[in-house]
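These figures come from a predicted structure and were not determined experimentally.
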Amino acid sequence: MSIPVGKSVDRGDQAMSGIAALVEEKFRSRLEAYRIVQADIREHAGIEEAVLSGGYGYRQILELVQNGADAILEANEQADAQRQTARIEVALHGQHLYVANSGAPLSTEGVDALLQSHSSPKRGNQIGRFGLGFKSLLRLGGRLDILSRSGSLRFDPEHCKNQIRRELALDDSTPVPGLRLAWVLERHAEEATDPVLEGYSWATTIVRAEIRNVAITPHLQEEIRKFPAPFLLFLPVAVSLGLDAGDGAKRQLKREPDGPDFLLFDGDEESRWRFVENAEVRITDAAAKADATHLHARELVPLAWAMPLDAKRESAGRFWAFFPTDTATRLPGILNAPWKVNNDRNALIAGEWNNALMREAAELIARTLSELATEADPGRPLDAFPRQLERQDELAAPLVEALWDRIMAAVTIPDAQGTPRPSEELQRPPLDDADLQGQWRDLAPVEARGRWVHPACLTGDRPKRLEALAERLRKAKADGLARAKALDWFAEIATNDPGSAGQVLALAGHYAGKLQQWQWSKESSELRIIPADSGRLCCPAEIVLAPEGIPLPPGRESVANVLASDAETLRLLTKVLGVKRLDDEGWRELLAQDLASATRQDWRFKPRN
């Protein structure tokens, strides 16, 4: 939106005459300029037509709310500003759209910009940049009134066109602009004739837009219903935003701080966001500054990242230039900055300015990752890892690559104790199963837990993030996050303590249930997790279930009696691990196995005569 605002002016004749005098002076000077250079008439009409044919043409609510936010930011920066919740109200009433705000009133600089284009004086942390947004209201087809405590004026596109044609003797077919002339209004007089305005006595500035193009009304209602609530996250002051679509659909948006997070309220709906910001990013790269031009480049620029912490499903992250763009970040949440965007402000464009901002954004996010972890969920930093690029030439590629470089060197992955460790110190279990890893952690000694990832790293899509990090580590010839074999995983918890050994065998049963039979047969043959009477840990082929006092086959141990007496453990030993009972059938199987083994050995190693 392009209604810039200035310092607050006390209500009175001087302020009113300042706005009125400027409007009248601009009226005269514009007509005189057209008489001198009539080519400007067609050019200015073309600018308005281009606005309506592009992205601005259907973004009226966004532009008006943005203007209200800028007014609030301006008021907040004034030395005598009172810190209280600011207000913006948007409402459809019949054939009029009202947008009111409690920010700084309209300034003479703002009036000057409204009567031109590409000349918005906003800088610093204000949102608008191009000075074109107000012209999107031409789509509504009617008069546009700005009623401010510093002065009021009316834009009447039809009257403006007729006035220009009449003054310059142009025929009706000549394209002429509709927003280059304005007329002075008296706010008190308008309030006396429009009862709706009585409800906005709190507002410093009200935009009242007449809707003659009734076909636009459903779009305005839809824009009100879908207005992005996260817009409030990026304002440095608390703002209450009311939205009324005029058909019974009303929304009240607000944010509240809650520790390191913001709670965002949209009516009865509540969401939690982690918000981090660097309000004073300094871009020093000469190529980046040259690419930015005066429309984007600032001495210090704000950069902020907001990540939803309680999202029920993952949604695509987006770049915001204070309002949503269509460009994906490949990260969760919203990355907000004064990006260089196309003329419609709905997509980023490639260039050194955006690349430099993305590198700064990667630094900000990387510093934040460890702060996302909680005692209940130490694996939450993984949720912020980049997603896979669809193409290497994506606009987000500089951000993704810069963030991965920092993640590879960061200490963000929690071990099984919940302590963040360098990636090269950790292993992944043989299966990405949080429940299995949780059971394993409960059995593992403290020292062993420090070598393996936490179960919280294995929920949802987090295993994909770990795999992506592991793959990058491999390509960089760095160790870390290797996929362990079941043999090594079970070796960390193997014990001859009967009570704990039974739990290890139970875990083996659960693990076996996750595999194909052939996979389990191969892996289980190597697991030394069965305690023998001798105290030795054996694999299934080295141990049998034998009554006490019965001679054992050569090379065999007997399962510890305390384990053999438990029915569930007995089932795990025989049905899952394949341990043989020393009965007639067991003897036959053991002899057959030994004979086959001996025959293979004799065939393989018997020397020639």
| query | Does any non-hydrogen side-chain atom of Leu369 lie less than 4.5 Å from one of Ile407? | reply | yes
| note | On a heavy-atom basis, the closest approach of Ile19 and Ser152 is CG2-N, 4.2 Å
| field | Arg387 charged N/C atom sitting above Phe385 aromatic ring, 6.0 Å / 45° | value | no
| Donor-acceptor under 3.5 Å (Glu394 side chain, Arg391 main chain) | yes
| Short question: side chain of Asp40, backbone of Tyr34 - any donor-acceptor pair under 3.5 Å? | no
| query | Taking 4.0 angstrom as the limit, do Glu89 and Arg87 come out as a salt bridge? | reply | yes
| query | Quick check: does any side chain N or O of Thr108 sit under 3.5 Å from a backbone N or O of Gly18, one acting as donor and the other as acceptor? | reply | no
| request: For Gln392 and Ala397, indicate whether the former's side chain and the latter's backbone hold a donor-acceptor pair under 3.5 Å. | output: no
| message | A side-chain contact here means heavy atoms from C-beta on lying under 4.5 Å apart; do Asp244 and Ile224 qualify? | response | no
| task | Could you tell me whether Trp183 and Phe27 have their ring centroids closer than 6.0 angstrom? | result | yes
| For Trp273, which residues count as a ring pair (Phe, Tyr, Trp, His ring centres under 6.0 Å) partner, sequence neighbours excluded? | none
| query | Under the 3.5 angstrom rule, does the side chain of Gln60 hit a backbone N or O of Leu137 as a donor-acceptor pair? | reply | no
| field | Side-chain heavy atoms of Phe155 within contact of Leu115, under 4.5 Å | value | yes
| query | Within a strict 4.5 Å, meaning less than it, do heavy atoms of the Pro177 and Ile41 side chains meet? | reply | yes
| With a 4.5 Å heavy-atom cut-off, do Glu63 and Phe134 have their side chains touching? | no
| Salt-bridge contact Asp247-Arg225 (side-chain N to carboxylate O under 4.0 Å) | yes
| said: Is there a side-chain contact between Glu360 and Val301 in this structure, where contact means two heavy atoms from C-beta onward sitting under 4.5 Å apart? | reply: no
| query | Do Leu309 and Arg380 have side chains that get closer than 4.5 Å, going by heavy atoms? | reply | yes
| query | Which residue pairs pass the salt bridge (Lys or Arg N to Asp or Glu O under 4.0 Å) test when at least one of the two sits in residues 205-215, sequence neighbours left out? | reply | Arg143-Glu210, Asp145-Arg208, Glu190-Arg208, Asp194-Arg208, Glu210-Arg212
| said: Do the side chains of Glu222 and Lys226 get close enough for a salt bridge, i.e. N-O under 4.0 angstrom? | reply: yes
| said: Using a strict threshold of under 4.0 Å (side-chain N to carboxylate O), is an ion pair present between Glu371 and Arg274? | reply: no
| query | Looking only at atom types and distance, does a side-chain atom of Asn354 sit under 3.5 Å from a main-chain N or O of Trp339, one as donor and one as acceptor? | reply | no
| query | Any ion pair linking Glu223 and Arg59 (charged N to carboxylate O, less than 4.0 Å)? | reply | no
| query | Can you find a pair of side-chain heavy atoms, one from Leu106 and one from Val111, that are under 4.5 Å apart? | reply | yes
| query | So, the side chain of Ser150 versus the backbone of Pro105: is there a donor-acceptor pair under 3.5 Å, distance only? | reply | no
Just distance, no hydrogens or angles: give the donor-acceptor pairs under 3.5 Å from side chains in residues 321-329, sequence neighbours left out.
from, atom 1, to, atom 2, distance (Å)
Thr325, OG1, Phe319, O, 2.7
Thr325, OG1, Thr327, N, 3.2
Thr327, OG1, Leu348, N, 3.0
Thr329, OG1, Leu331, N, 3.0
Thr329, OG1, Leu331, O, 3.1

| remark: Residues passing the ring pair (Phe, Tyr, Trp, His ring centres under 6.0 Å) test with Trp320, sequence neighbours excluded, are Phe234
| field | Pairwise distance CG(Leu97) to CD(Gln221) - rounded to 0.5 angstrom | value | 11.0 Å
| field | Note: Arg28-Glu32 ion pair, threshold 4.0 Å (strictly below) | value | no
| request: Please answer whether the main-chain N or O of Leu170 pairs with a side-chain N or O of Thr174 as donor and acceptor at a distance below 3.5 Å. | output: no
Could you go through residues 195-203 and list every donor-acceptor pair under 3.5 Å that involves a side-chain atom there, pairing it with any protein atom two or more places apart or in another chain?
from, atom 1, to, atom 2, distance (Å)
Trp202, NE1, Gly199, O, 3.2

| request: Say whether Gln116 and Asp112, considering side chains only, have a donor N or O and an acceptor N or O under 3.5 Å apart. | output: yes
| Backbone N/O of Glu158 and side chain of Asn162: donor-acceptor pair under 3.5 Å | yes
| task | Verify, without hydrogens or angle tests, whether Arg180 (side chain) and Ile164 (backbone) share a donor-acceptor contact under 3.5 angstrom. | result | no
| query | side chain to side chain contact (heavy atoms under 4.5 Å, CB included) with Ala361: which residues, sequence neighbours excluded? | reply | Leu303, Leu335, Leu399
| Pairwise distance CG(Leu364) to CZ(Arg359) - rounded to 0.5 angstrom | 15.0 Å
| message | Between Asp156 and Arg154 (salt bridge meaning N to carboxylate O under 4.0 Å), is one present in this structure? | response | no
| message | Can you tell whether the side chains of Arg272 and Asp310 come within less than 4.0 Å, N to carboxylate O? | response | no
